[in-house]
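What's counted below: heavy atoms across the whole structure, side chains too, no hydrogens, waters or symmetry copies. Atoms within each ligand, like the ligands themselves, are counted from 1 in listed order.
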Amino acid sequence: MTIRRALLCVLTCSLSLTAQNRPAPTKTEIAPGIFLFTTPAYGDVGLDGNSIAILSRDGVLVFDTNGTLAASALVLAEIRTLTDQPVRWIVNSHWHWDHWYGTETYLRAFPDVRIVSHEKNRELMMGPALAFNRPFMEQQLPAYLQDMEKRAAGTPALKPLLDEDTAFLEQKKNVHLVFPNVTFTDRLVIELGERHIEVLNYGRGVTPGDTFVYLPKEKILLLGDLIVNPVTFALSGFPTEWLRVLEKVDALDATTIVTGHGPPLHDKTLLRATMEVFRVLLREGKAAKMKGLDPDQAKEAILPGLHDLMVTITGDRPPVNEAFKSQLVDWYLHRVYEELDGPLTDAISKIPPS
Ligand SMILES: [Zn+2]
């Protein structure tokens, strides 16, 4: 392929990648000049994390860049309708692919953009995270799509879902990953125009490098997946340290909390209920292990006592209750058990068999 053709491909391929007929993201102004963008799921196979733009008179900071270029391109298009200022800073909250695979969009539009994350996030993004995603991307998802293709042949109503799912896989396969080019250890302060932006890590929580943003003047917290509205996703977390992180987060003066997914929160009810679930699981998980129960038996024994907290968190909606039991209680408990066996490393643990 000649250089010209290669260049043309770079241009046209990227255009076709971003033109995915995705609906525009939903925009919520959470404070003057601070916008939360949310996007619909990709068929039944994927979703994006929340993406937040902090505008200022001297540039924009974007916290999390969605999971695909199609989504981040649509978010950037929205940002351009709000300001002429360039995006100067990106903050990546953690290594989960729904939060940072869209960064390339910003680097292409703003070659000088500084991409900040915790030093451990950068390490995980450059290797272990990719290894974690590979089986899903290269085996499970293609197999699922092949099967759906067969079913769609006899059930044409499945075709739109199949197209969306296929487009998601194409997006993930064709992304050029962009890694943080600025790392920090526990605190980085960005003065951006009139904004004072604190980029923080309080230790290991849901991941080894959880990076969150605190705006003390605006009393806003952008937490990434440190908690999720409504149900926190506890895969591969660090139970004891995570609770300590949230206790420190709780001590910050904030009136708006944006979690990694879901609508913004205007009080600390969900944060505190989630912390209380952690406390119960730490305490009772340890007792159950000493009694010789395995994590699944422990879960069954502990769940009835969590009923009221569950209802606070889920509103007692049945599918959300199921997510509470598996993604929060089950996954957190498995990690409680692992932690009791010895100090946890930063390695990404496998999804427990359900
Ligand atoms: Zn997420």
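The Zn ion (ligand 1) has no N, O or S atom of H94 inside 2.8 Å of it. Residue contacts to the Zn ion (ligand 1): H99 brings an N, O or S atom closer than 2.8 Å.
Taking hydrophobic clusters as Ile, Leu, Val, Met, Phe, Trp and Tyr residues chained together by side-chain heavy-atom distances below 4.5 Å, F179 does not share a cluster with V91.
The atom of D225 nearest to the Zn ion (ligand 1) is OD2, with the search restricted to N, O or S atoms. Sorting the N, O or S atoms of D98 by how far they are from the Zn ion (ligand 1) puts OD2 first. Of all N, O or S atoms in H261, the one lying closest to the Zn ion (ligand 1) is NE2.
Classification of E339 and K289 as a salt-bridged pair fails, no side-chain N sitting under 4.0 Å from a carboxylate O. A salt bridge is absent between R244 and E247; no separation between the charged side-chain nitrogens and carboxylate oxygens falls under 4.0 Å.
Relative ring orientation between H96 and H99 is described as tilted, the plane-to-plane angle lying within the 30° to 60° band.
Considering D98, T68, D165 as possible partners of Y42, the one that fulfils the side chain to side chain donor-acceptor pair (under 3.5 Å) test is T68.
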